[in-house]
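Computation of the quantities below employed the complete heavy-atom set of this structure, encompassing side-chain atoms and omitting hydrogens, waters and symmetry-equivalent molecules.
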Amino acid sequence: PTFMPLLEKAGIYVRMGFPKKDQREFRYDWLPVIFQSKKVGGSIVTGTQRTRRLLQLASDNLKFVTDMPAGSDARLVPFSESNRAVEELVDQKVKSFRTVFCW
């Protein structure tokens, strides 16, 4: 897949939902995966159509998703800082109940 070189060292690619028939095969040079500690995973938690509907719902209601009243226990984090944000969550360094990733 063309996106694999975009993963940082120790980056994780997760395929959500069941891919279409012409997208089911995963071919990639395993050396970068092994030597750069990249991870590949998958989940059938949701399907592609449901994911599209959820993303469309968020897009249509972006103001609701990103507007946070003063004093709310939420934080806005750019996608470029997502790895750090998740590490802070795992390390329990985050006091907010909600993290909203933004472009």
Side-chain angles (χ1 to χ4, degrees):
T2 58
F3 51 81
M4 289 295 285
L6 300 175
L7 285 179
E8 293 180 7
K9 184 176 181 181
I12 302 171
Y13 168 72
V14 178
R15 170 64 194 212
M16 296 295 294
F18 202 73
K20 295 179 182 179
K21 187 176 182 178
D22 63 337
Q23 298 174 348
R24 289 185 190 157
E25 195 171 300
F26 183 86
R27 288 181 180 250
Y28 189 70
D29 180 5
W30 287 102
L31 290 179
V33 174
I34 295 166
F35 289 110
Q36 295 178 9
S37 301
K38 294 181 180 183
K39 297 168 186 68
V40 178
S43 176
I44 196 153
V45 170
T46 185
T48 305
Q49 292 299 324
R50 187 172 183 186
T51 301
R52 280 192 189 124
R53 286 195 309 261
L54 287 171
L55 290 173
Q56 187 63 51
L57 177 67
S59 175
D60 292 346
N61 298 287
L62 193 57
K63 187 170 175 48
F64 171 78
V65 173
T66 58
D67 279 1
M68 292 176 272
S72 68
D73 288 339
R75 66 184 184 148
L76 206 70
V77 178
F79 275 110
S80 61
E81 297 177 23
S82 60
N83 287 339
R84 180 188 54 78
V86 171
E87 287 171 7
E88 290 173 351
L89 186 64
V90 169
D91 295 340
Q92 298 179 349
K93 294 180 181 177
V94 180
K95 303 295 183 214
S96 61
F97 75 93
R98 180 175 81 161
T99 299
V100 178
F101 291 101
C102 60
W103 295 110

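- Considering every non-hydrogen atom in both Q36 and K9, the closest pair reads O-CG, 3.3 Å.
- Taking R24 as the reference, nothing meets the side-chain hydrogen bond (donor to acceptor under 3.5 Å, both in side chains) condition, with sequence neighbours excluded.
- Residue L7 comes nearest to I12 through the heavy atom pair CD2-O, 3.7 Å, listed as atom of the first residue, atom of the second, then distance.
- In the hydrophobic cluster analysis, where Ile, Leu, Val, Met, Phe, Trp and Tyr join through side-chain heavy atoms closer than 4.5 angstrom, Y28 is grouped together with W30.
- For the side-chain hydrogen bond (donor to acceptor under 3.5 Å, both in side chains) test, residues two or more places apart in sequence or in another chain that qualify with E88 are R75, R84.
- Rounded to the nearest 0.5 angstrom, Q23 CD and K21 NZ are separated by 13.5 Å.
- For K38 (side chain) and M4 (main-chain N/O), a donor-acceptor pair under 3.5 Å exists by modelled atom type.
- Between A85 and V77, the closest heavy-atom pair is CB-CG1, 3.9 Å.
- Between the side chain of D91 and the backbone N or O of K93 there is no donor-acceptor pair closer than 3.5 Å.
- From E8, atom CD reaches atom OG of S37 across 13.0 Å, with rounding to the nearest 0.5 Å.
- Heavy atoms of other residues, nucleotides or ligands lying less than 6.0 angstrom from CZ of F35 number 12 at most.
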